[in-house]
Each structure stands twice: as structure tokens, then as C-alpha cells.
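Have a look at the structure below, then the notes.
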2 protein chains.
Amino acid sequence: MSHVPGLIQSIERSSAVLRLLAGGPDRLRVKEIADALGLPKSTAHSILRTLEHVGFVEQDPRTARYGLGRGLLDLSSAGIDANELRGRALNWADTLAGRSGEEVRLGVLSDGEVLVVHHVFRPDDSLQNLDTGVRLPPHATALGKVLLAYHATAAESLVAGGLDPYTRRTVTDRRELARALAETRARGWALSVEEWRPGLAAIAAPVRTSGGLVVGAVGIAGPVERLTDTRRQARPALVDQVVAVARSISREVQA
Amino acid sequence: MSHVPGLIQSIERSSAVLRLLAGGPDRLRVKEIADALGLPKSTAHSILRTLEHVGFVEQDPRTARYGLGRGLLDLSSAGIDANELRGRALNWADTLAGRSGEEVRLGVLSDGEVLVVHHVFRPDDSLQNLDTGVRLPPHATALGKVLLAYHATAAESLVAGGLDPYTRRTVTDRRELARALAETRARGWALSVEEWRPGLAAIAAPVRTSGGLVVGAVGIAGPVERLTDTRRQARPALVDQVVAVARSISREVQA
DNA sequence: CGGGCACGTGCGACATTGTCGCACGCACCG
DNA sequence: CGGTGCGTGCGACAATGTCGCACGTGCCCG
């Protein structure tokens, strides 16, 4: 059918499906939706499958009929739950700790701070504190840089409140922070070297849901000399490990 | 980025955009959204334009920033308002009356009945009643058949309540009605010959919004001998006129 | 008050992607 | 127990969404 150019057909159709489902109190069959919109069954089913995946519609397992999902109502209550994220990430975090030999943290953004929702100790039996539940400053940590880089407004309000210095290397200038975040976006991971605690460095990468929305960050932390080379650049092998695990968790979250 | 096959990328991205906008109370810039999702500006803009078009997001004209639209909340108020539909259709209805020489009606589905929201008299100066506001039986009129054919559940509940006969030719059997609606869907227009009033026939076609959702129907009505040939088939020239005007109104509604 | 930067917007070409036709299993009805 | 109609999945094609680039504008900073 004649379609307005410049607009995305599948999104228009999705909204039509949602409106149709919202129209009546009843759940609808694939065939009914396809007929009502003049679409082939396959196409309607494909759209429905995607909408179900993102939580906008739900399918009754008994009748196989589709209705509006909870995701539409939850639009105001940000994406994914922190506990759910933690559950999905557990195994991968352990894997990362094993491979890298460093401690692993999983963080989300909460009230403008980094909330550590999971913490795996370094594989050796050294003395360490459990950081789960701890809050970290976003501008001074690798986890925080990742979360800021992919959040639209958190960086602004953080800057507005001033950037506290924790070490000599903490980024406190708004311009420099903006540059660091742009770099993080460009390469897909963040590095922090002695910006939070002297002698410590960290590497982190984003966890994304379908569509690319960042809902969390995973990263490793350890002594500067183990995470970086002599020029204070991140060791590529470790970066790859972190990025790979972040992608694995992302895949897990979407399942 | 690695994308789950079988799912529609642009819809996933749309939901990510919506979640992002829902995340904070602030409106966001195109750049912010693009960066947060890791998309090129153009792509983000294209998605936003479409979402705005379907009413899921709104753009503040002053700041050019995007926020969630009213359309999300109004999902229950199936698409377009009857008055708005009427306004957009006025000129085209007149055109159709002029070309066809018959009276024109514009109808929507309301409480399981056809509500006539607009009525243009036959161009000659004969005596006619203004039908605006009148309710018609869906199963016995061309307008009604169109609206039923593209509505998922209306036909069911109508059948459940029983099909009243108005003439000798009124369709009262549920099977026959189902067949008529399937035919209507297949060819894109509906015909009614003496099913509502003896001596009268009607031809109608659907008005669709973006995505294909049917929100109304337009049609002409007149004496059987003018609308049909000797075998009681609709005259193709008239069908074309009705279908063409329905498409024009559809285009108007989407603008 | 002027210069420069960054943003929103639009277009066009390419390649990816969504679409559509077809077929399989299954469940329900007759 | 046969038949019909449904939901689902796959594959190939072509339409479609994506992306790079450039224009004009408004804002901020100097």
C-alpha cells in the first residue's frame, strides 16, 4: 500500500498493532490482526514476536492469543530490574574473574551514582571487601564512565553538582569528562587509571538490552601494572575479555 | 551490533528509544538519544520522526527536544477521533458526491454499530434526510461490512447478539456473513444490495491510518439500478471512485 | 557584535533487512 | 477419523531501513 516515504514502515505497523490490541478488551489471534491490518500472516507474526520480545505485547500460552504487555505500562519505570540483571550476569561474572584473574563488578546507575549490584573476588585468596551495595562516583570509575557515556542526561546533572576529586588524576573538568565519555562511546569500553584510588585501574564495558539501551556495566579492577602497559594504556587482551563478557551478558538479558 | 535474527531491528530500537525517553523526566536531544543507543544521528532521527508521526513521542517546538507523547497513554482510545476524521474527509466526500452523483456517508464503528459522522446529499435537489449522527446496523450496510471486516472482534459479538433481518436479502446467517467479510477484505471494498432498505444499494471502502489500521469507512448509496448492473454486480467505475476517495482520505488522515 | 561550533534536518545510494509465499504440525470440529 | 484452520518457521527476493554526507540555523563563547 502507498507508504509515506521517510517514515519507517515496520514502526507504523507496530503502532497499528498496539492500537488494535488496545481497542478491545479481548486478546486477538494472529489471523485477526493480520486481516484487520491487511498484512500477510507471516508479517504480522514477525511484528508480534518482536513486540513480545520487547515486552509491549504478551501471548497467552493457553490460547496463543496476543494482548498488550506490561512493558507499555512500565515505560515510566525504567527498563530492567537490577536484581534481574544480577541474576543473568552471575555466571559470566565468575567466568570473567577466572579468565582475567581480577575482581569483577557489575554496576547500574542509581540516583546519579554507580550502584554495585554484584561483586566477584579476585581468584586468589587475598583479603578483600565485598562491595555489593556500595555506591561509587560515576566520573572517577570505569563502570561510571560507561554508564554516563550511554545515559542521556546523567552527565549533565552530575557536572552541575560539581566533580569531586579523589586522587590527583580524578577528572574534574567538565570538558575533559565530556571528551572521556565521547571516547568511551566511540570504542565501546572505558578505562580508569588511579582516578578513584591510587594504584588501582579498571576496565568496563556496557550491558545492553535489545535495541541497544544500556542498562548496566561490567568491569574488572586491579593494580595499575596488571591492567595497563608501561604507557598506561589498557592491555588489549583484558579489554577483549571484558567486552566479550559484557556482550554475553547482553545476550543473556535479551533472552 | 549482533542482532537476533527473526526479530525486527527497527522495532527493537524504537522500544529502546521509548524506554530511554521514559527513563528521565527530561526531554532529550537527537544527539543524546543517538549516542546512548550507539546509532547514527540520521537513524535515530528517522526513528524519532516515525514515532512522532504515530504519536508515541512529541517534539517540543521551542527546544527541538523529544519526549514521550500522549499517544502512548491514549492507546485505549483507538487511534483517531471521529471529529478529526470528519474534518479531514469533508472535501473528499463532496468530491465523491459530485463525481458519482450519489449521496455519500462517512461512518465509524461505535458500540458495535455504524455511527454516521458525515453525510453529503445527492447533488440533485431532491428531498433527503440528514443522516449525520444516525446509527446503522453493521451487517446490513456496506459501511458496516467494511468496518466489521477490518475489526478483530466486533463481528463476533454482533453475531452473538443475533442478526436482525431488515429485508428479504439481509444476511442473517453467521457463515454467510463471515464469507462476505472475507470477500470484503480480499477485494478492499464492500457492496450491499437491498439488505437494509428495498431498492437501495451501497458501495463502501475503508479509511486507514498509518500502519493500515482501519478507523472508518466511506461509501455511496443509491438506487439499485444506478449502482449495479443487470446481474446485481457493482459498477466498476463507481467502485473505483469510492476506493480512490477512501485512499485520499487515508492519506489526509496520516498527514 | 561577530565568528565558530554543534545541532536538527534532509537527501541519496547502498546493502541489509523486513517482507511475503509456502509448508509443516498441531488442535479442534464435524 | 478425515478435514479445516490455526500458529509457527524457513528461505529468497526486493523493497526498505540504514548510514554517510551536507545544508542551514541557532547558540554560545570569545
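Note that these values count all heavy atoms, side chains included, but never hydrogens, waters or copies made by symmetry. Chain letters run A, B, ... following the sequence lines, proteins first, then strands; residues in each count from 1.
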* List in chain and number order the residues that pass side-chain hydrogen bond (donor to acceptor under 3.5 Å, both in side chains) with R187(A), two or more places apart in sequence or in another chain; answer none if no residue qualifies. => E183(A)
* Verify the contact: side-chain N or O of R49(B) to OP1 or OP2 of dT9(C), cut-off strictly under 4.0 Å; return yes or no. => no
* **Whole angstrom value for the distance that separates P of dT9(C) from NE2 of H53(B)** => 15 Å
* To do: Tell me, with the steps shown, if L18(A) and F56(A) meet side chain to side chain contact (heavy atoms under 4.5 Å, CB included).
  => CA-CA 8 Å; L18(A) 293 176; F56(A) 284 3; 4.2 Å; yes
* Check whether any side-chain N or O of Q9(A) sits under 4.0 Å from OP1 or OP2 of dT19(C), and answer yes or no. => yes
* Rounded off to whole Å, could you give me the CZ-to-P distance for the R65(A) and dC28(C) pair? => 12 Å
* Asked: With respect to the phosphate group of dT8(D), does any side-chain polar atom (N or O) of Q59(A) fall under 4.0 Å of OP1 or OP2?
  -> yes
* dT17(C) C1' sits how many Å from I47(A) CD1, rounded? -> 13 Å
* Asked: When the distance from CG of L7(B) to P of dG9(D) is rounded to whole Å, what number comes out?
  -> 11 Å
* Asked: Any salt bridge (Lys or Arg N to Asp or Glu O under 4.0 Å) pairs touching residues 37-48 of chain A, not counting sequence neighbours?
  -> none
* **Proximity to the side chain of S10(A) - top-ranked nucleotide from dC19(D), dT8(D), dT19(C)** => dT19(C)
* Asked: With sequence neighbours excluded, what pairs up with R185(A) under the salt bridge (Lys or Arg N to Asp or Glu O under 4.0 Å) test?
  -> D35(B)
* Asked: What is the distance, rounded to the nearest whole Å, between atom CG of L48(A) and atom P of dC20(C)?
  -> 14 Å
* Can you figure out which of dG7(D), dC19(D), dG17(D) approaches the side chain of A64(A) most closely? => dG7(D)
* To do: Compare the minimum distances between each of dC6(D), dC19(D), dG17(D) and the side chain of R29(A), then state the nucleotide with the smallest one.
  => dC6(D)
* OP1 or OP2 of dT8(D) sitting under 4.0 Å from any side-chain N/O of H45(A)? -> yes
* **Partner residues of E113(B) under the side-chain hydrogen bond (donor to acceptor under 3.5 Å, both in side chains) criterion, sequence neighbours left out** => R135(B)
* Structure fact -> Its contact letters, B for base, S for sugar-phosphate only and - for none at protein heavy atoms under 4.0 Å, make nucleotides 22-30 of chain D read ---------
* Nearest-Å distance, CD1 (I11(A)) to C1' (dG17(D))? -> 9 Å
* Asked: Would you say a side-chain N or O of Y66(A) is under 4.0 Å from OP1 or OP2 of dC6(D)?
  -> no
* To do: State which residues pass salt bridge (Lys or Arg N to Asp or Glu O under 4.0 Å) with R174(A); sequence neighbours excluded, sorted by chain then number.
  => none
* OP1 or OP2 of dT18(D) under 4.0 Å from side-chain N/O of R13(B) -> yes
* Structure fact -> Taking for S46(B) and for K31(A) the nucleotide of DNA chain D with the nearest heavy atom, the one nearer the 5' end belongs to K31(A)
* Is it true that K145(A) and E195(A) have a side-chain N and a carboxylate O under 4.0 angstrom from each other? -> yes
